[in-house]
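What follows is one structure encoded as C-alpha cells, with my remarks underneath.
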There are 2 protein chains.
Amino acid sequence: MKPRSRRSGGRPTIADVAKRAGVGAITVSRALREPERVSEDLRRQIARVVDELGYVPDPNARALASARADVIGVLVPSLTNNVFAEVVRGIYDGLDDSRLQIQLGNTHYSGLEEERLLRVFLSQRPSALVVSGIDQTPAARKLLEEAGCPVVQIMEIGPDPVDMMIGFSHFEGGRTVTRHLVDAGYRKIGFIGARMDPRSQRRLSGYRAVMERAGLFDPRLITTTTTPSSVSLGRELLRDALAKVPTLDAVFCNNDDLALGVLFECHRAAIDVPGKIGIAGFNDLDMTGVAFPSLTSLRTHRYEIGRRAISMVRATIAGERPEQPVVDLGFELKQRESTARTA
Amino acid sequence: MKPRSRRSGGRPTIADVAKRAGVGAITVSRALREPERVSEDLRRQIARVVDELGYVPDPNARALASARADVIGVLVPSLTNNVFAEVVRGIYDGLDDSRLQIQLGNTHYSGLEEERLLRVFLSQRPSALVVSGIDQTPAARKLLEEAGCPVVQIMEIGPDPVDMMIGFSHFEGGRTVTRHLVDAGYRKIGFIGARMDPRSQRRLSGYRAVMERAGLFDPRLITTTTTPSSVSLGRELLRDALAKVPTLDAVFCNNDDLALGVLFECHRAAIDVPGKIGIAGFNDLDMTGVAFPSLTSLRTHRYEIGRRAISMVRATIAGERPEQPVVDLGFELKQRESTARTA
DNA sequence: GCAAGTGATGGTAGCGCTACCATTGTTTGG
DNA sequence: CCAAACAATGGTAGCGCTACCATCACTTGC
C-alpha cells in the first residue's frame with residue numbers, strides 16, 4: 001500500500017494524451033466516446049498514445065463533467081435467493097463490453113430500504129435504474145418517475161409501468177400450478193409459503209382463484225409465514241400443514257427450496273410421493289429435475305429477465321425506444337414425477 | 001423520464017447550503033465528513049439547512065476532489081454459487097450505515113477477467129479492494145500491491161498475503177472430511193469434484209494426502225470435471241464414478257450441490273445411504289441437515305468471512321491497522337446420517 | 001461565384017467538491 | 001505578560017473531464 005499524491009498519483013490524464021498526440025484534449029475525449037466523429041488518422045494516432053501511456057479515463061471526472069455516470073442502479077430484494085442471483089447474473093452478462101457499471105443494492109424486501117437506496121443511487125445520476133417488482137412505496141415511485149433516466153421494473157408485470165417492465169404474472173403462475181394439481185386428481189391441495197412478499201401473495205391469489213372455482217377452497221389449507229424461505233422451513237411448514245389438515249393430498253410450494261424440504265420430510269415420514277401427497281414447486285431450479293421423485297415446478301425465465309432488462313436499458317440509452325415497453329416472458333409448467341398420481 | 005440540464009437539474013449544491021447557513025462551503029463539507037472539527041452550533045445549523053434543502057453530496061465531485069471514491073471493489077468468481085452469494089451478503093451487511101459503496105465484479109473463475117476488472121475498479125480509485133482466493137495472475141498481484149488502498153484476499157488463507165487475508169485452509173478442510181470417512185470405516189472413498197478451481201484442487205490435495213497415508217489411494221477413485229457444479233452434475237458424476245469403481249463405498253463431494261445430486265441418484269438406484277455408500281459434502285448449506293438421510297458436511301463461515309473482511313477494511317481506513325492481518329476462520333465438521341455406518 | 005451548409009478540430013469555462021494554506025481569536029506555559 | 005500552540009473557520013485553486021460555442025477548411029446548390 002503506497003501513498004498517493006493528490007495529483008492523481010502520476011496517472012496520465014487526458015491532457016497528457018492530447019499533448020503527446022499533438023491534438024486538443026477534447027479531440028481525445030471524442031475519439032474515446034464518439035470515434036465516428038474523429039478522422040481515421042487522428043483516431044489511430046490517439047489510440048496509439050493511449051496505449052503507450054496506459055491512459056484510463058477517470059469515471060468520476062467524466063460523471064462530474066457530463067452530469068451522468070455510466071452506472072446502472074439495480075435493486076433486488078435478496079442476494080442469496082437463487083432466483084435473484086440468476087437475475088443478477090443475467091444483468092451482468094447483459095453488459096457485454098459496454099462501459100456501463102452495475103451498482104447493486106439489496107433491499108431485504110423492505111420498501112423503505114428500497115427508497116433509501118434509490119436516493120443514494122440517484123445522487124450518482126445513474127444512466128438507468130432497474131428495480132424489482134411493482135410494489136414501490138409512493139415516495140419511491142415518485143423518485144423513479146422523476147429520475148430522469150430509463151427505469152425498468154423486473155420480475156413482474158402489471159398495469160401501470162413507471163417506464164419499462166419485464167417479467168411475468170405471478171397470479172397466472174399460481175393459477176397454472178394449482179390447475180395442474182386439480183387436473184391431476186388432487187383435492188386437498190395445500191399452499192405452503194414463506195416470506196410472503198407481494199409476488200408470493202399474488203401466487204397465493206392465483207391458487208385461491210382456482211381452488212374456489214373448483215369448489216375446493218378451504219382457508220385451513222393455507223400455511224404461510226413471513227420468515228425467509230429455506231429448505232428446513234419447508235419441512236416445518238409441511239408438518240404444520242399436516243397437523244391442521246391430516247387428509248392433505250398435495251402441496252403447492254411457493255418456491256423450490258420449500259418443495260425440497262417438503263420432499264425430504266415426506267421421505268423421513270415415509271409418506272409416498274406422489275401417491276399419498278403430490279408436490280409442486282415454483283421457479284424450477286436445477287435440482288427439481290434430479291430430485292427423487294423429480295419435482296414438478298414452474299419454470300421462470302429469471303436469467304433472461306436480467307439480461308433483457310439490460311438490453312432494454314441499452315437500447316433506450318442508444319436512443320432506440322423499444323417498441324415493447326412491457327414484456328411478458330411467461331413461464332412453463334414442468335410436470336414431473338412428484339405430481340404424477342398413478343390413481 | 002424528464003430531461004436534465006447540465007447544471008445539476010436544480011439539485012442543491014454545497015454552495016447553496018453554505019450561503020443559506022451563512023458559512024463557508026468548506027465548513028459545510030467538514031460538518032458532513034468530520035463533524036468533530038466543527039463547533040456544535042454550526043453543526044446543528046448546517047444540519048438543519050441540509051435537511052431543508054434536501055442536499056445530498058455528489059459522490060463524483062467528492063471522488064474527483066479527494067482522489068478517493070467511497071467505493072470498495074469486490075471481486076468474486078460467481079454470483080449464483082450459494083457460497084459466494086452468502087459472502088456477498090456478509091459484505092453488504094458489514095457496511096452498516098457507513099457511506100461506503102460496493103462495486104461488485106464477477107470474474108467467472110477467470111484470472112484474466114479478474115485482471116481486467118481490477119483495472120476498471122482501480123480507475124475509480126477505490127477505498128479498498130476485496131478479492132477472492134490467493135491465485136491472482138502475476139499482473140493482477142502487481143496491480144493489487146500498487147493499488148494504494150487496503151486489500152483483502154478472502155475465502156482462503158496462504159503464506160504470502162498482498163495485505164490482509166481472511167478465510168480458511170481448503171487443504172485442511174479436505175483432510176478433515178476424508179479422515180472422517182476413513183474413521184467411519186469406509187475404504188473405497190471416491191472424490192467427486194466439479195469446476196475444480198484452485199480451492200477445489202486444494203481440497204482434493206487434502207483428500208489425497210489422507211488417502212495415501214491410509215494406504216487407500218487409487219487415482220481411479222477421483223472423478224472430476226471442469227464443468228460448473230450443479231445438482232444434476234452430482235448425479236452424473238456418481239454414475240461415472242461407479243462405472244469406474246463399482247465397489248465404491250463412499251464419496252467426498254466437493255460441494256453440497258454435488259452431494260445432493262449424489263444422494264438423489266442413490267435414492268433412484270436404490271443404493272442404501274450410508275450402508276452401501278457414505279456421502280459427505282462441503283460448505284454445509286441449509287439443506288444438508290434436512291436431507292434424508294441428513295448429509296455430513298463441512299461447515300464453512302462464509303457469511304462471516306464477508307462481514308469481517310469489511311470490518312478489517314473499515315478498521316484500516318479508520319487508521320487502526322488490525323493486529324491480525326491474516327485471519328483463519330476455520331471450519332466445523334458436521335457429522336450426520338449420511339456417513340453413520342451401522343457396520 | 002457566393003451564401004449556406006457540413007465535417008473536423010480546438011478553446012474556454014465550468015461540473016461540485018475538497019486539499020492546502022491562511023486567518024482569526026483563544027488558550028497555555030513559563 | 002508574551003510567544004507559542006491550538007481550535008475554528010474561510011479563500012483559493014484545482015481534481016480530470018466534457019458541454020458549449022467558435023473556428024476553419026471544404027463542399028454543395030443554384
Side-chain angles (χ1 to χ4, degrees), chain A residues 3-46 50 53-70 99 122-125 127, chain B residues 3-46 50 53-71 99 122-125 127 148:
Chain A
R4 184 144 64 186
S5 82
R6 179 172 189 193
R7 316 272 162 168
S8 119
R11 237 174 62 174
T13 72
I14 205 168
D16 299 330
V17 176
K19 196 183 301 170
R20 182 129 166 197
V23 299
I26 191 66
T27 304
V28 175
S29 175
R30 263 196 291 259
L32 264 35
R33 290 175 304 127
E34 315 165 276
E36 71 284 357
R37 291 191 44 196
V38 175
S39 68
E40 181 75 26
D41 274 11
L42 280 189
R43 215 187 309 160
R44 245 202 303 270
Q45 164 77 347
I46 288 170
V50 164
L53 262 47
Y55 168 72
V56 182
D58 181 327
N60 295 117
R62 186 172 261 180
L64 182 59
S66 63
R68 174 68 70 207
D70 287 329
R99 65 159 180 262
L122 283 169
S123 74
Q124 303 182 47
R125 310 159 190 288
S127 290
Chain B
R4 184 142 67 184
S5 81
R6 179 172 189 192
R7 316 274 161 169
S8 124
R11 238 174 61 174
T13 71
I14 204 168
D16 299 331
V17 176
K19 196 183 302 170
R20 182 131 168 196
V23 299
I26 190 66
T27 304
V28 176
S29 174
R30 263 196 290 260
L32 264 35
R33 289 176 303 128
E34 316 164 276
E36 72 284 357
R37 292 193 43 196
V38 175
S39 68
E40 182 74 25
D41 274 11
L42 280 189
R43 217 186 310 160
R44 244 202 305 272
Q45 163 77 348
I46 288 169
V50 164
L53 263 45
Y55 169 72
V56 182
D58 181 328
N60 296 117
R62 185 172 262 181
L64 183 59
S66 64
R68 176 69 68 207
D70 288 329
V71 167
R99 65 158 178 265
L122 283 169
S123 75
Q124 302 183 47
R125 310 159 189 287
S127 290

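Just so it is clear, the structure is predicted and the values come from calculations on it, not from any experiment. Letters A, B, ... mirror the listed sequences (proteins, then strands); counts begin at 1.
- As rounded to whole Å, 15 Å separates atom C1' of D:dG16 from atom CG of A:L53.
- A straight line from CG of A:L32 to C1' of C:dT9 spans 16 Å, rounded to a whole angstrom.
- For the pair A:R43 CZ and C:dG7 C1', the computed distance is 13 Å after rounding to whole Å.
- In this structure B:E40 satisfies the side chain to side chain donor-acceptor pair (under 3.5 Å) test together with B:R44, sequence neighbours excluded.
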Using a 3.5 Å cut-off and no angle test, enumerate the donor-acceptor pairs between side-chain atoms of residues 26-33 of chain A and protein atoms at least two apart in sequence or in another chain.
{"residue": "A:S29", "atom": "OG", "partner": "A:R33", "partner atom": "NE", "Å": "3.2"}
{"residue": "A:S29", "atom": "OG", "partner": "A:R33", "partner atom": "NH2", "Å": "3.0"}
{"residue": "A:R33", "atom": "NE", "partner": "A:S29", "partner atom": "O", "Å": "3.4"}

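- Per the geometry, CD1 belonging to A:I14 stands 17 Å off C1' belonging to D:dG14, to the nearest Å.
- Here A:R43 pairs with nothing under the side chain to side chain donor-acceptor pair (under 3.5 Å) rule; sequence neighbours left out.
- Set against D:dC20, C:dG16, D:dG10, the side chain of A:I26 has D:dC20 as its closest nucleotide.
- Picking from D:dT9, C:dA19, D:dC17 the nucleotide with the shortest atom distance to the side chain of B:V38 gives D:dT9.
- Regarding contacts with the backbone of D:dT9, every side-chain N or O of B:T27 stays at 4.0 angstrom or more from both OP1 and OP2.
- The side-chain heavy atoms of A:D58 and A:R11, taken from C-beta on, include a pair separated by under 4.5 Å.
- Across all non-hydrogen atoms, the minimal contact from B:R68 to B:G148 is NH2-O, 3.0 Å.
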Dump every N/O contact between nucleotides 21-28 of chain D and the protein below 3.5 Å, one line per pair.
none

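- Between the P atom of C:dT18 and the CZ atom of B:R99 lies a distance of 8 Å, rounded to the nearest Å.
- At C:dC17, none of the side-chain N or O atoms of B:S29 fall inside 4.0 Å of OP1 or OP2 (strictly under the cut-off).
- A straight line from CG of B:N60 to P of C:dC17 spans 10 Å, rounded to a whole angstrom.
- Comparing atom distances between the A:R33 side chain and each of D:dT18, D:dC17, C:dG16 picks out D:dT18 as nearest.
- Within residues 16-25 of chain B, no residue is approached by DNA chain C to less than 4.0 Å at the level of any non-hydrogen atom.
- Of all non-hydrogen atoms in B:T13 and B:Y55, the two that sit nearest each other are C-CE1, 3.6 Å.
- Put simply, B:S39 has no side-chain N or O that comes within less than 4.0 Å of OP1 or OP2 on D:dA8.
- Closest to the side chain of A:A65, out of C:dG16, C:dT18, C:dG14, is C:dG14.
- Note: CG (A:D58) to P (C:dC15) measures 18 Å, nearest angstrom.
- Of the candidate nucleotides C:dC17, D:dC15, D:dC17, D:dC15 has the atom lying nearest to any side-chain atom of B:L64.
- What you find for A:S123 and B:P59 is that their closest heavy atoms are O-CD, 3.3 Å.
- Under the rule for a side chain to side chain donor-acceptor pair (under 3.5 Å), the partners of B:D70 that lie at least two apart in sequence or sit in another chain are B:R99.
- Atom-to-atom, CD of B:E36 to P of D:dT9 comes out at 13 Å; the value is rounded to the nearest Å.
- Comparing A:V28 and B:E34 by the nucleotide of DNA chain C whose heavy atom lies nearest to each, the residue mapping closer to the 5' end is A:V28.
- Pairing each heavy atom of B:I14 with each of B:A25, the nearest pair is CD1-O, 3.8 Å.
- Closest approach of A:A69 and A:S127 over heavy atoms only: O-OG, 2.6 Å.
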